[in-house]
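The first residue in the sequence is number 1, and the count goes up from there. What you see below is based on every heavy atom in this structure, not just the backbone, and it leaves out hydrogens, waters and symmetry mates.
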Amino acid sequence: MSPEPTTPFARQLPTPPPHRILAAWLPWWPTERLARRHPEARTHPFVTVGDHRGRLVIEAANPRATRSGLTPGMPLADGRAIVPGVVVRPSDPAADILALERLARWADRFTPRVMPDRADTLYLDIAGCDRLFGGEEALMASLRTALENFGLTVRLALADTPGAAWALAHYGAADPAVVPTGTGPSGIGSALARLPVAALRLSADVAAALISFGLDRICTLSVIESVKLTRRFGPEPVTRLRQALGLVPEPITPLRPLPPREAHRAFAEPISTAADIHAAVDGLLDDLCLALSRSGEGARRLHLVCRRVDGDRRTLTVGTSRPLSRKKPLMGLFAERLDQVEPGFGIDEIALATDVVETLDELQTDWTGGAAGGYQADEEEGLANLLDRLGNRFGFGRITRPAPHQSWLPERAVRHHALLTTRGDGAASWPVGRRRPLRLFSPPQPVEAVTLESTGPPLGFQRCGRQHRVCASEGPERMECEWWREDAPHRDYYLAEDEAGRRYWLYREGARDTGAASRWFLHGLFA
């Protein structure tokens with residue numbers, strides 16, 4: 001079948017975002033699901049049965065039972081005559097469906113757009129998510145490995161439509177079967193041509209009727225006019241074929257609905273000037289920020305995709321140090337980088353989406369509408385805006401801030417956190433009333449110290465080949481780390497001042513009051 005003709009005004013309408021549908025078929029799902037509770041399902045012929053008009057009929061069989069000649073639809077009495085030792089359990093279709101839904105919720109680690117289909121197949125729309133796993137092949141390999149670790153057998157197929165992916169997963173020769181993206185109806189039709197008509201997800205009666213007329217392959221349907229097929233066999237074959245080829249949309253409804261976090265603009269005439277691009281982004285932020293505000297969420301990462309008339313695209317990505325749903329700071333981040341967009345011969349569509357969101361923690365406002373503690377709030381807002389600019393320029397992972405951590409040892413009393421996302425240990429605080437140097441060495445530098453007594457203060461020390469005579473000292477301040485650590489050191493710290501007025505933070509490490517040899521280290525310098 002040839003694709004539908006396009007209208008002269010097709011470019012005025014926003015083109016739907018591309019889809020890459022991964023179908024994961026679990027051919028032995030009912031029996032492999034029960035194998036966790038019934039180990040004999042893996043080592044013996046195993047079937048599930050249901051009551052059909054007063055007699056027990058096999059509804060599912062494991063691979064061992066299938067190889068022995070037991071098939072779904074066979075009466076259980078006939079099955080026991082073929083395999084007397086077959087293990088039998090009652091079927092539970094409702095439990096199969098609920099377990100498949102739980103598996104679909106687990107699979108959202110690969111993409112948030114996951115939908116269970118019937119009782120043995122999962123649809124995953126991996127468009128835009130494959131790059132997080134290193135490509136489509138790597139994502140499919142990760143999914144297959146994870147499912148096999150669960151003890152499940154799986155066949156995979158990837159295409160631009162759910163119908164094509166389902167057909168190739170159930171009836172294709174390759175595993176995984178992949179139809180390259182963007183091939184259109186002709187490419188999909190070529191991949192499905194030799195498959196049986198049952199691969200179009202037809203009802204058993206319609207598939208049998210088509211086969212009785214010699215229409216046993218999908219390629220045989222394309223040579224018959226749609227009107228004649230509909231008149232003879234009803235609308236189902238035409239509808240299913242057009243869905244598989246992508247001529248009729250077949251949406252994937254995620255098990256967990258996604259909130260609207262995307263905005264589009266399509267243009268009848270391509271835009272290319274900086275002013276037009278700026279105005280388009282401004283309008284997109286209006287729509288996106290409104291949707292985020294209604295859901296009580298803020299964006300942490302946004303992607304601006306500009307599709308050019310030559311088929312190429314330009315992408316800008318910005319991040320934020322805290323969730324944002326306000327247009328002004330977001331527009332400021334994009335405005336600094338819009339000059340990187342190369343419009344070429346023009347841009348006919350722009351999309352703005354956010355893939356990382358967090359719940360907003362809004363500031364309490366006073367009765368005038370201003371933020372409580374206005375001066376402090378303004379300072380925090382200014383700092384956050386600065387961090388956003390630095391993070392987008394150098395990378396958010398390279399910008400950290402120190403925060404107190406509960407430990408007496410100086411090198412363990414601080415942790416570095418990412419920007420404004422965490423506040424460190426709630427019970428920890430910096431030491432009060434204790435002198436600490438402005439600069440700490442990491443690791444502490446070993447020095448040779450001179451003392452009158454093995455447990456006394458230093459009289460002098462040598463550092464980098466230079467002798468320092470201690471004129472005054474204060475200490476010791478004795479520190480020990482957490483008792484549960486095996487490497488717990490015992491330290492005596494001294495604040496020492498040399499003849500030039502420079503002040504040092506020295507410590508002795510070793511056993512106390514034993515006379516044993518100890519080691520000295522320089523841990524910090526005072527300003």
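Side chain of T354 to main chain of L302: no donor-acceptor pair is present (N/O by atom type, distance under 3.5 Å, no hydrogens or angles). Not one N or O on the side chain of R194 forms a donor-acceptor pair closer than 3.5 Å with the backbone of I218. Put simply, the side chain of T48 never gets that close to the backbone of P90: no donor and acceptor are under 3.5 Å apart. Side-chain N or O atoms of S222 include one that pairs as donor or acceptor with a backbone N or O of C219 at under 3.5 Å. Within the 3.5 Å criterion, the main-chain N or O of T317 finds a donor-acceptor partner in the side chain of R337. Panel note: side chain W29, backbone D96; a donor-acceptor pair is recorded below 3.5 Å. Checking side-chain atoms of T111 against main-chain N and O of D108 turns up no donor-acceptor pair under 3.5 Å. For T320 (side chain) and A299 (main-chain N/O), a donor-acceptor pair under 3.5 Å exists by modelled atom type.
Taking the side chain as every heavy atom from C-beta outward, I350 and L304 approach each other to under 4.5 Å. No side-chain heavy atom of E225 sits less than 4.5 Å from a side-chain heavy atom of L229. Between T273 and I271, every side-chain heavy-atom pair lies at or beyond the 4.5 Å cut-off. Two residues are said to be in side-chain contact when any heavy atoms from C-beta on lie closer than 4.5 Å; V238 and L221 fail this criterion. Between Q243 and T161 the shortest side-chain heavy-atom distance does not fall below 4.5 Å. Side chains of R64 and F46 form no contact here, defined as non-hydrogen atoms less than 4.5 Å apart. L241 is not listed as a side-chain neighbour of L247, based on a closest heavy-atom distance of 4.5 Å or more. Side-chain contact check for R314 versus D312: some heavy-atom pair is nearer than 4.5 Å.
If you take CD1 on I252 and CD on E250, they are separated by 6.5 Å, rounding to the nearest 0.5 Å. A distance of 12.5 Å separates OG1 in T31 from CZ in R89, rounded to the nearest 0.5 Å.
W25 and D120 are linked by a side-chain donor-acceptor pair at a separation below 3.5 angstrom, with hydrogens and angles left out of the test. Side-chain polar atoms of T153 and E32 form a donor-acceptor pair below 3.5 angstrom.
The two atoms that bring L168 and A157 nearest to each other are CB-CB, 3.6 Å, heavy atoms only. Smallest separation of non-hydrogen atoms from A165 and A159: N-CB, 3.9 Å. Residues E262 and L288 come closest through the heavy atom pair N-CD1, 3.7 Å.
Applying the 6.0 Å contact sphere to CZ of R232 captures no more than 12 heavy atoms from other residues, nucleotides or ligands. Heavy atoms of other residues, nucleotides or ligands lying less than 6.0 angstrom from CD of E137 number 12 at most. Atom NE2 of H44 is surrounded by 12 or fewer heavy atoms from other residues, nucleotides or ligands within 6.0 Å. Within a 6.0 Å sphere centred on CD of E269, heavy atoms belonging to other residues, nucleotides or ligands number 12 at most.
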Derivation and outcome, side-chain contact (heavy atoms from CB on, under 4.5 Å), residues L285 and R326: CA-CA 9 Å; L285 282 172; R326 291 179 292 111; over 6 Å; no
Evaluation steps, side-chain contact (heavy atoms from CB on, under 4.5 Å), between E297 and S325: CA-CA 7 Å; E297 295 174 324; S325 64; over 6 Å; no
Chi angles and distances behind the side-chain contact (heavy atoms from CB on, under 4.5 Å) call for V179, L192: CA-CA 10 Å; V179 180; L192 304 182; 6.0 Å; no
From CA spacing to verdict: side-chain contact (heavy atoms from CB on, under 4.5 Å), I126, E136: CA-CA 8 Å; I126 64 172; E136 293 177 345; 4.3 Å; yes
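In this structure, the ring of F150 has its center less than 6.0 angstrom from the ring center of W106.
Salt-bridge annotation for E236 and R201: absent, with no side-chain N of the basic residue lying under 4.0 Å from a carboxylate O of the acidic one. The existence of a salt bridge linking D130 and R20 is excluded, since no basic side-chain nitrogen approaches an acidic carboxylate oxygen closer than 4.0 Å. Ionic pairing of R308 and D348 is not present here: no N-O contact between side-chain nitrogen and carboxylate oxygen is shorter than 4.0 angstrom. Taking the charged nitrogens against the carboxylate oxygens, D287 and R265 do have a contact shorter than 4.0 Å, which makes a salt bridge. Salt bridge annotation for D282-K327: present, with a cationic side-chain nitrogen under 4.0 angstrom from a carboxylate oxygen.
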